[in-house]
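In listed order, ligands and their atoms are each counted from 1. One-based numbering along the sequence shown.
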Amino acid sequence: MVGGAEVKAWHESSPSPRGRGTGGGGSTRRKLLHATAALLATPFIARAQTAPRVVVVGGGFGGATAARFLRRADPHIDVVLVEPNAIFTACPFSNEVITGLRDFAAQRFDYRRIAATGVRVVQATATAIDPSHRSVTLGDNRLPYDRLILSPGVDLVWNALPGYDEAAAERMPHAWKAGEQTLLLHRQLEAMPDGGRVVISAPANPYRCPPGPYERASLIAWYLKTNKPRSKLILLDAKDIFSKQKLFQSAWKQLYPGLLEWVSLSDGGKVTRVDPATKTFETDFDSHKADVANVIPPQRAPAIAVAAGVADRTGWCPIDPVTFESKLQPGIHVIGDAAIAGGMPKSAFAANAQAKVCADAVAQLLAGKPPADPRLINTCYSLVAPGYGISVAGVYRPMNGQLTDIEGAGGVSPLDAPPALRTQEATYADAWFKTITGETFG
Ligand SMILES: Cc1cc2nc3c(=O)[nH]c(=O)nc-3n(C[C@H](O)[C@H](O)[C@H](O)COP(=O)(O)OP(=O)(O)OC[C@H]3O[C@@H](n4cnc5c(N)ncnc54)[C@H](O)[C@@H]3O)c2cc1C
């Protein structure tokens, strides 16, 4: 809820020491200006006549990076970042939190360093967007913009899988938005007795983090093998083909035989209904009762994208691949998971790459110059076990109105790699996370 009094802005005057937020957002180092009147009087109305304003909605991997890189591209641009949470909780590496390999605190980042770069960070939810008047509604307030960047991530579509709604997620966690759900799944796994059964359901494409369900299954299998070896894991899938499939399946055969069972679409893996009371998954052919049930539900661009009129009938947002400007609403750019980015997957790596390209394009457009023809890179690392990493990489360019994979420019880890290479890839994954979160929040 965002009434006037709920809108908060980060205090920008005092440089803050480096560090990540680990608590619930109540840090004494953090200073918030609570009074909407004061906030409106200073940052929003008293802006230089000549300074164009870009509002960025969503302070995750795409939005926070875009805000930072816009300031870097042109420090004269008035950049306002709108995000409801004081602390961002990252999804990458959250599968390690679920399986006890990593501290939850290592996933959490605040906005002090971003505010210190001159970005105005406003703690609020964008509730509406008026493309014709170019304004974003924050509760009772309207925030005008010259250009808007939307990076709101994904919404989980409740009841798209019959039986799965918000209440069901309390018994059958999704853990597909990091935070309390991550901890809930972790606690359920810990509480499960040896000999228990874990069931995961993976959705059809497209969804956030294509290899994510398979990394999760791998690490849960590792957890069970290590701590509860009489247990079993079943991965019910609405697909026959998935990211890094050969690498995952070869590792499963080697590391988790008899423990991890993948049920493809063709073999009846598509879940048609869940019953949270009994933690049961129904498919066309079978019924699977779980001790720990993890439902990864269908997803779409969030409500704010729909409200802005930038989502099409697919539920996602078509964009121009050079500028990320919406194909449906001029002046609004969409990046990250919410965008239809051609061959690029919905990943934090991709959101970060898109944010930089979009920030540069927006700065150019505001300066009346043509945007550059971009090249974007994505790499998705996955851990199959601690110290066992695999990856898939791609390079993309605008072609025929889409971001298209440049053939031969990317690749996947070799299938027959020695253990040393797997260890090296796990190290690269760790380094990637440190780099991207440092670049975005650090
Ligand atoms: C288990 C798991 C593992 C993953 N592992 C990896 C990995 O190893 N590598 C990788 O590259 N990617 C990984 N991902 C994917 C990655 O997390 C997402 O692709 C990435 O977060 C997308 O960035 P984004 O900016 O689009 O959305 P987000 O990072 O989710 O940010 C969206 C932000 O928008 C805010 N927001 C939403 N609506 C509003 C509104 N109305 N007003 C204001 N703010 C709003 C939200 O609060 C949120 O902070 C993983 C995902 C999962 C679930």
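Within the structure, ligand 1 lacks Pro302 among the residues with a heavy atom less than 4.0 angstrom away. Ligand 1 lies within reach of Arg216, whose nearest heavy atom is under 4.0 Å from it.
The closest heavy-atom contact to atom 41 (N) of ligand 1, among the options Ala175, Ala126, Ala124, comes from Ala126. Nearest-heavy-atom check against atom 38 (N) of ligand 1 across Gly179, Ala128, Pro152 picks out Pro152. Selection from Ala303, Ala178, Pro84, Ala66 by nearest heavy atom to atom 45 (C) of ligand 1 gives Pro84. The nearest non-hydrogen atom to atom 53 (C) of ligand 1, considering only Phe93, Trp432, Tyr381, Trp176, comes from Trp176. Nearest to atom 24 (P) of ligand 1 by heavy atom, out of Ser151, Pro211, Gly60, Gly59, is Ser151. Taking only non-hydrogen atoms, the option from Gly212, Ala350, Gly336, Cys91 nearest to atom 3 (C) of ligand 1 is Cys91.
With a 4.5 Å cut-off on side-chain heavy atoms, Pro92 and Phe61 count as touching.
Of the options Val56, Ile149, Leu70, a side chain to side chain contact (heavy atoms under 4.5 Å, CB included) to Cys358 is made by Ile149 and by none of the others.
The protein atom (non-hydrogen) at minimum distance from atom 5 (N) of ligand 1 is Pro92 CA, 3.3 Å.
Distances below 4.0 Å separate heavy atoms of Lys346 from the following atoms of ligand 1: 19 (O).
Within the 4.0 Å heavy-atom criterion, neither part of Asn378 lies near ligand 1. Neither the backbone nor the side chain of Phe433 comes within 4.0 Å of ligand 1, counting heavy atoms alone.
The N/O atoms of Phe349, backbone and side chain alike, include one that comes under 3.5 Å of an N/O atom in ligand 1. Polar contact check, Ala348 against ligand 1: a nitrogen or oxygen pair lies under 3.5 Å apart. At a 3.5 angstrom cut-off on N or O pairs, Ser94 does not count as close to ligand 1. For ligand 1, the polar-atom distance check against Gly62 finds a nitrogen or oxygen pair separated by under 3.5 Å. Taking any N or O of Glu83, backbone or side chain, at least one lies under 3.5 Å from an N or O belonging to ligand 1.
With ring centers used as reference points, Trp222 lies 6.0 Å or more from Tyr388.
No donor-acceptor pair closer than 3.5 Å links the side chain of Thr440 to the backbone N or O of Thr437.
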